[in-house]
Amino acid sequence: MQTHSTLAALRAQVRQWRREGASIGFVPTMGNLHAGHHALVALARRHADRVVASIFVNPTQFGPNEDYARYPRTPDSDIKGLAETGCDALFLPPVEQMYPFGTMGCVQMHVPGITDILCGAHRPGHFNGVAQVVARLFNMVQPDLAVFGRKDYQQLQVIRYMTREMSFPVEIIPAPTLREADGLAMSSRNQYLQGDERQTATRIYQTLRFMRDAARQGLPVAGIEDEAVARLEAAGFTVDYAEVRRGDLTRAKSPDEKGLVALVAARLGRTRLIDNLEFDGE
Ligand code: PAF
């Protein structure tokens, strides 16, 4: 696996592959890679001849009091894991490569509507930062397809919207959420969990399944959401939201609509966890 930190080197590599007629799959990440990320690379591998991954902890998607500084950075083990998973090239740019005029002087991206709800309401500007860096990475890598995990359900919808709206010639491929044996969705932030918090964190997936089962029994959406919040609070979470929405994240009116998804974001101590469950998916 080749590792590139400059755009020029990355582009030379991608041009070479294009000359050979290869298709390019792309997996953007913020590093600290776990089995969930490796599964994204493996999925990209199934759809493309060559796979490029990127590692960049993007400052513009973190709020002023969020975990940008302490976000785990583990480049050595990430490089080893990517090479073992069959990734062909890693783009590991410094911040000046991604934002040559600084993060204050950079062109902004605002995706309306969908970024103001759920996580967007609790992390103002977060999804604009995500859209901005993903747009930059798409321009830099120029992939045929890119893989994003369903665990970040709202992020996936934002990327899909942006890609379509901006006419990026990139196919977006969603990847299933990988879970630990006890149901906790894999996430780099799980390692922030202290002591009993790790066990308590499994309540999120249990609550999502409660929400799905309650919808299947026909309980009203508002009642399901209230009960989900109560269960999470009783377990010790501070809840940002626990909601049942349609697949496009508009509000669900009735529990028997097709394509519903339950979404939770909740904090345990210093750790903010998100997860979701698509009712028709599992
Ligand atoms: O999901 C992530 O890891 C990040 O939000 C992404 C898509 C790599 C953009 O920084």
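As a basis for the values below, the full set of heavy atoms in this structure was taken, side chains included, without hydrogen atoms, waters or symmetry mates. Note that ligands are numbered from 1 as they come in the structure, with each ligand's atoms numbered from 1 the same way.
With hydrogens left out, the protein atom closest to atom 10 (O) of ligand 1 is Q61 OE1, 2.6 Å, a heavy atom. When hydrogens are left out, the protein atom nearest atom 3 (O) of ligand 1 is M30 CG, 3.6 Å; that is the closest non-hydrogen contact.
For ligand 1, the atoms sitting less than 4.0 Å from at least one non-hydrogen atom of Q155 are 1 (O), 2 (C), 4 (C), 5 (O), 7 (C), numbered in the order shown with element in parentheses. Under a 4.0 Å criterion applied to the non-hydrogen atoms of T29, ligand 1 contributes the atoms 8 (C). Which parts of ligand 1 touch V133 is read off a 4.0 Å heavy-atom cut-off, strictly below it: atoms 9 (C), 10 (O).
Judged by distance alone, the side chain of E225 and the main-chain N or O of V244 form a donor-acceptor pair under 3.5 Å. Between the side chain of D88 and the main chain of V51, a donor-acceptor pair closer than 3.5 Å is present.
With contacts defined as side-chain heavy-atom distances shorter than 4.5 Å, the pair S5/P93 does not qualify.
Using a 3.5 Å distance cut-off with no hydrogens or angles, the side chains of N58 and Y99 do pair a donor with an acceptor.
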Atom pairs and distances, side-chain donor-acceptor, residues 79-87, under 3.5 Å, sequence neighbours left out:
residue	atom	partner	partner atom	Å
K80	NZ	E84	OE2	3.3
T85	OG1	G81	O	2.5

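When heavy-atom distances to ligand 1 are checked against a 4.0 Å cut-off, I159 has no atom that comes that close, whether in backbone or side chain.
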